[in-house]
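Okay, so here's the structure we're looking at.
We number each residue from 1, following the sequence as shown. Ligands are counted one by one from 1 in listed order, and the atoms in each one are counted from 1 as well. Computed over heavy atoms, backbone and side chain alike; hydrogens, waters and symmetry mates excluded.
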Amino acid sequence: VEPDVRRELEARVGSAHVLHGDTTEGPATDWTGRYRGRTPAIVRPGTVDEVAAVLAVCDAAGVPVVPQGGNTGLVGGGVPLAGEVVLSLRRLERLGPVDQVTRQVTAGSGVTLSRLQAHAAEQGLRYAVDLAARETATVGGTVATNAGGSRFLRFGGTREQLRGIEAVLADGRVVRHLGGLEKDNTGYHLPSLLCGSEGTLAVVTAARLALVPEPTHHVTALLGCPGVAAALEVGVSLRERLPELEAAELFLDEGLRLVVDRLALDDPFPDRWPAYLLVECADDRDPTERLAAAIEATSVGDVAVGVAAGRREALWRYREGHTEAMNLLGIPHKLDVTLPLGQLAAFAEEVVRRVRDLDADAHCWLFGHVLDGNLHVNVTGLTPGDNRVDEAVLTLVADHGGSISAEHGIGTAKKAWLHLSRSPVELDVFRAVKRALDPRGILNPNVLLP
Ligand SMILES: Cc1cc2nc3c(=O)[nH]c(=O)nc-3n(C[C@H](O)[C@H](O)[C@H](O)COP(=O)(O)OP(=O)(O)OC[C@H]3O[C@@H](n4cnc5c(N)ncnc54)[C@H](O)[C@@H]3O)c2cc1C
């Protein structure tokens, strides 16, 4: 940026909050290491007014901006790949009181998911969205990506929790609708539009979020299954019998081996199973017996159950450790996709074959929030810039009637394939909305739209 723009930015947020040089390297690289950019400056406003002032300066000067929260996004959407200014929202950490009557709370964009969850728990409530990056991922980032997570099955994703939003438009004007009315049928629903817009339409500064009661009893079970199709059948059967089922996560034996090995964990079972399903129920009446009876009615091989928090966490570690363990193998290609449930098992077989045929060095790992039809296809062994596997996997997904992004978004990683999931008319509408809200195209200009 020009020196006069930098001076103006420093005047708006204080020079201590405009970073440059070596300190910008971390925030310029994504969590996986696949996307490495560089930036002339990281700007860290501390209030919504400062965000507005910063954007007004950038808009007037035509300086492109990448909003950033916890930088745990997995599609290269929050890093400055074309030399953009990084607008870090982490200092917007204000967390309002929990309203027990409406069961809502207003959270600043920089509040981490784990802090929000702890805040709700103090009041006997919880925030329904949960994911393994909870310690770092922010409210703003999860709203911007419409994050899904492990409890989507029961509560939906971030969009379903959103009751209001505060955001700053590219030109610095603030849209604020945080009243939290449950019924409010007054035209376009801006929270829904901005949720999942990946920083391309506005910068989210706060969100009004619904909370749900914290159940008194939780039970987690890890089930050894003879294959993906069998695991899915078990999952569907449990869902039919157990309204309190809130998570159903799939992983395969190879993934478990890797996690056990890399993270130095004990094996969950003496025997190995081709596929594993991790399920969790939560209710005010102890659901353990009901879960046991429902499992009894299926063809599950081995079962490990956790009721105490430590034991439940240990079981979750097998699933949540996948992302971390995979990163230790090198930079993965992360392809988070949805399949129609009826196609998922056939896809799981075919994708492994396709990847192997493509390149003998490539290795395909599968896990995911399986009852949502959501698989995380991770491919290791290829260079970060080699897009052949992305092309092959995403095309296969489209051939099976799936979506190229289940919950991580499009970012820069998948924009070349957005046409596989969206029609030309839909893309025209997307572009028209983008032009209307960000006419100079300064907000995350290299993300989402091809
Ligand atoms: C171990 C691990 C597990 C994960 N598990 C899940 C999971 O189960 N489900 C899931 O959905 N995701 C998951 N993710 C992905 C990631 O955590 C989510 O995408 C999360 O929502 C990103 O939040 P963040 O604050 O880190 O955002 P960032 O990574 O900083 O940004 C993500 C995107 O949002 C934009 N953005 C960020 N803040 C704002 C803002 N305030 N206003 C406007 N735009 C903004 C950025 O420009 C970027 O496009 C996982 C990631 C990791 C590392």
Nearest non-hydrogen contact with atom 35 (C) of ligand 1 belongs to which option: Gly76, Gly321, Ala144?
Ala144
Mark yes when over 12 heavy atoms from residues, nucleotides or ligands other than [X] sit less than 6.0 Å from its [atom1]; otherwise mark no.
X: Arg257; atom1: CZ; result: yes
X: Arg262; atom1: CZ; result: yes
X: Arg91; atom1: CZ; result: yes
X: Arg440; atom1: CZ; result: yes
X: His189; atom1: NE2; result: yes

At less than 4.0 angstrom from any non-hydrogen atom of [X], what atoms of ligand 1 do you find?
X: Leu131; value: 5 (N), 6 (C), 7 (C), 8 (O), 9 (N), 10 (C), 17 (O)
X: Gly141; value: 21 (O), 23 (O), 24 (P), 25 (O), 27 (O), 37 (C), 38 (N)
X: Gly78; value: 46 (C), 47 (O), 48 (C), 49 (O)
X: Ala147; value: 11 (O), 21 (O)
X: Thr142; value: 21 (O), 23 (O)
X: Gly77; value: 46 (C), 47 (O), 48 (C), 49 (O)
X: Ala202; value: 43 (C)
X: Asn444; value: 47 (O), 49 (O)

Protein heavy atom at shortest distance from [atom]:
atom: atom 11 (O) of ligand 1; answer: Gly148 N, 2.9 Å
atom: atom 42 (N) of ligand 1; answer: Val204 N, 2.9 Å
atom: atom 19 (O) of ligand 1; answer: Thr145 OG1, 3.5 Å
atom: atom 28 (P) of ligand 1; answer: Asn71 N, 3.6 Å
atom: atom 29 (O) of ligand 1; answer: Gly73 N, 2.7 Å
atom: atom 52 (C) of ligand 1; answer: Ala133 CB, 3.6 Å
atom: atom 7 (C) of ligand 1; answer: Glu407 OE2, 3.3 Å
atom: atom 22 (C) of ligand 1; answer: Thr72 OG1, 3.4 Å

At under 4.0 Å between heavy atoms, is it the side chain or the backbone of [X] that contacts ligand 1, or both, or neither?
X: His408; answer: side chain
X: His369; answer: side chain
X: Ser109; answer: side chain
X: Ala167; answer: neither
X: Asp30; answer: neither
X: Leu74; answer: side chain

For [X] and ligand 1, answer yes if some heavy atom of the residue is under 4.0 Å from a ligand atom, otherwise no.
X: Gly149; value: yes
X: Val447; value: no
X: Gly110; value: no

Within the side chain of Asn444, is there an N or O that forms a donor-acceptor pair under 3.5 Å with the backbone of Gly77?
yes
Under 3.5 Å: donor-acceptor pair, side chain of Thr145, backbone of Gly141
yes
I'd like to know whether the aromatic ring centres of His376 and His322 sit less than 6.0 Å apart in this structure.
no
Measure from the ring center of His419 to the ring center of Trp417 and say whether it is less than 6.0 Å.
no
Check: Val66 N/O within less than 3.5 Å of ligand 1 N/O:
no
Go through the steps for Glu407 and Arg151 under the test salt bridge (Lys or Arg N to Asp or Glu O under 4.0 Å), then give the verdict.
CA-CA 12 Å; Glu407 57 174 11; Arg151 296 199 288 242; over 6 Å; no
Distance col, row Glu246:CD vs Cys281:SG, nearest 0.5 angstrom, shows 8.0 Å
Take Glu2 and Arg6 through the salt bridge (Lys or Arg N to Asp or Glu O under 4.0 Å) test and state the conclusion after the steps.
CA-CA 6 Å; Glu2 302 294 326; Arg6 170 165 308 171; over 6 Å; no
What closest approach, in Å, do Glu166 and Val174 show between heavy atoms, and which atom pair accounts for it?
CG-CG1, 4.1 Å
Asp390 pairs by salt bridge (Lys or Arg N to Asp or Glu O under 4.0 Å) with which of Arg34, Lys334, Lys414, Lys415?
Arg34
Derivation and outcome, side chain to side chain contact (heavy atoms under 4.5 Å, CB included), residues Arg319 and His369:
CA-CA 10 Å; Arg319 163 62 180 89; His369 315 294; 3.4 Å; yes
